[in-house]
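Sequence lines set the chain letters: A, B, ... in the order given, protein chains first and strands last, and positions in each chain run from 1. Side chains are part of it too, since the values below use all heavy atoms of this structure and drop only hydrogens, waters and symmetry mates.
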2 protein chains.
Amino acid sequence: MKQKKSVLSLIPYEKREEGFDEWYRDVCYCGGMVDFHPSHGCYVMRDTSMEIWDTLKVFFEREMKRMNVKKCHLPKESSDVRNSLYPYFSKWIRVASDLPLKYNQWFYATRSEMSNPIPFIRSREFLWQEGHSAFATRKEAYLEVNNVMDIYCRIYQELLAIPVLTGRKSEDDSGLFSSTLQVFIPETGRCVQGAYSNCLGQSFAKQFNICFEKAIGVDSLVWQNSWSFSSAAIGLMIMVHGDDKGLVLPPNVAPVQAVIIPLATQGVDQRVRDACAAAAIILELAGIRTQVDSLGDIPLSIKHAHWEQKGIPLRILLGDSEIASNTFLIARRDNGSTISVPRDNLGERVALLLKKVQKSLFKVARSKSTASVQSVETWEEFVDAIESGKLVFAPWCDEQQVERDINERTYGLAKPVCTPYDQPLLPMGTLCFATGRLAKTWTYWSLL
Amino acid sequence: MKQKKSVLSLIPYEKREEGFDEWYRDVCYCGGMVDFHPSHGCYVMRDTSMEIWDTLKVFFEREMKRMNVKKCHLPKESSDVRNSLYPYFSKWIRVASDLPLKYNQWFYATRSEMSNPIPFIRSREFLWQEGHSAFATRKEAYLEVNNVMDIYCRIYQELLAIPVLTGRKSEDDSGLFSSTLQVFIPETGRCVQGAYSNCLGQSFAKQFNICFEKAIGVDSLVWQNSWSFSSAAIGLMIMVHGDDKGLVLPPNVAPVQAVIIPLATQGVDQRVRDACAAAAIILELAGIRTQVDSLGDIPLSIKHAHWEQKGIPLRILLGDSEIASNTFLIARRDNGSTISVPRDNLGERVALLLKKVQKSLFKVARSKSTASVQSVETWEEFVDAIESGKLVFAPWCDEQQVERDINERTYGLAKPVCTPYDQPLLPMGTLCFATGRLAKTWTYWSLL
């Protein structure tokens, strides 16, 4: 007989504050998001994470349809999609009416071996989307860079309840409009790129001869964009919201939004079972993804722990006393509070509560993120803040050489995260924290 | 300046009756379904074929949800999905309540080099779906084999309007319930497998130690199924419906169901343009995927040829005389007929017409397919029918050794296609066409 584990895999695991990396791996595994794989750095994405990825995909695809983005499937020859796709852009684009041409493709791929793998964030196998578009004018291309970045922001902020930083990458010296979406993780003092949307200008158009007939006999190079996000988004969601009890899933993406748990002192009688089934139907009809607990006759505390570990936003408790008083007990996963709600309009009440949870998750995460920001003016303040894992906001002269100097002077510790397009006021005469020269922008910095 | 092709790629191509293989390749290419790829045997799937694939996927996914099939993403180690997945089945299945366990995954993959590639049907890169499930009992497993085959039948018959043959593969001597979906192509005299749904029995459960605790201390092996279909479905759709003018897309999967063409004697005036735009809005509101022709000032015959080549089910023509008489002219792609319809309730009329076209495509294809069936009783009749490319239906003794003999005696020409589960009456004493022994079943045969 093969060895069986207990039905509940309640392995005691690392605390978030004490060992963030180990805590994260434990939450991914025990929450049922991934299973480990014999190949180093590979993970199996299980049904919960796949369903969340599908939710993000469906949202993104709907927006793609609105933007009139097409799909194609290219046999992938090189690791750089551009080398496969752009020869076809050259072929498919002939006249002005062929523009804009926009393609999106979904991929999965295996990267080469890597050290220190992290599920979703740094895994060898990952899922992602890459969009490529061509326009007649720079203006149209720039507009799209913005529009797509807005979609990524909505995926992060509205669906995953993750506050983001967006802005220009500092290494971009092309003078073109490119943007990055970054998520700061206070526990690590690091930022992770969650998406990008870049204008590539006309250099690839030159290289691959992608042009259109602007007037009779007059060819013009196209302007190109590319944009991408990946399953790293799921890892960031786990990092931002998870706690010592396990996963915390935002209601907008949770495959199960509410679990109904029958309460009983001694076994569960049929009346309670029926009431739970009826409540499940009411909730499903209200569009709430519901499941009835079927863990059987085990202590209630273990049931709670199980569903908390899986990150289910709401646990709805129903026993004899609730039936008698025409109420439900509802326990929130996000803040641990339990409230009693009347039985009437259950669907609406729960839907409203889920919205509240979603908002609250974002608010709490934003407070935490905002509390991590430290504005600095001098080099000493900068080094102190970076070393204590802060998200540093500093006025600087925005020069490539200075960026390299800063990297050297901090022994490779500090990197610029992004320069937000929405700049706060930079008072006349503000000086760069690193050079003492006149500052040009406010820029975010963090640990590399 | 790079060389530009004309805006319309109306390359004269091979006729269906004269060179089926060349005709098929031309239709795929000129219809915008694929573009050629520098790697031998690879093709680029363009937006029309990708949208059709997405439609099939959405339909299939909805059914998967109903069946409570989950998704996972496994880093693919071997070309056989089972080797990657079944070790996890062994891990995830512990007790009876873990069953049934059902997973579906979507793939794309590149096969090794192959001779005589055919877009969609025999291409190195292809898209497919593979489902794997485990059950406590054989009965449940068998039920699923049937349910999934029903879904595949609906994809082929309801969406793609392709008549299919379903039944048992003859090579299956396991005594287990397995089924294949086959499409007969009269021009080639061959059948192509369009899907399969098989019960694998318990052999993999033994090999990978996949069992559940049936009673305390008593383990039981699971029963497993696997089922799959691929982008070959799109190729079969093109083969079954296409004609000498190009693609013919069934309305249920056509990315554009109706194209509105402004008619004009001398240029197109604003009134006609406005009327076309208004009609497009009415059709879109009625849920009809509509496009307004924007090919510009070229002869109407070329416009017709262009949209025929792309397979658009309906062309709606609108000019001054139609506006004056409150009518539209509608040309059907499938049978070439043109009818005049009143302007009122345009949306409903077109929706109804699309349904009619869909039905008619299936009916015509079924007649053609039925006309290709030839029932035989003797060996001589069998050889004649196979050699003339018929779909042969014959009573036989259903023995593996006899199948091998038949293959040898026809110099490798003939193969059994499937033995339908719905068997016609086999009168007492009917003899096998090949051995003269008592026949056990009616079986379809075709060219290999």
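Applying the salt bridge (charged side-chain N to carboxylate O under 4.0 Å, His left out) test between A:Asp293 and each of A:Arg273, A:Lys303, A:Lys310 identifies A:Lys303 as the sole match. Among the candidates B:Phe107, B:Trp128, B:Trp53, the single residue satisfying the ring pair (Phe, Tyr, Trp, His ring centres under 6.0 Å) test with B:Phe229 is B:Trp53.
In this structure, A:Ser133 and A:Phe89 approach most closely via the heavy-atom pair C-CE2, 4.0 Å. Here the shortest heavy-atom pairing between B:Arg82 and B:Phe208 reads O-CZ, 4.1 Å.
Both the backbone and the side chain of A:Met45 come within less than 4.5 Å of a heavy atom in chain B. Looking at A:Tyr108, both its backbone and its side chain come within 4.5 Å of chain B, counting heavy atoms on both sides. Heavy atoms closer than 4.5 Å to chain B are found nowhere in A:Phe126, neither backbone nor side chain.
For the set A:His73, A:Lys70, A:Lys71, the entry with the most heavy-atom pairs within less than 4.5 Å of chain B is A:His73.
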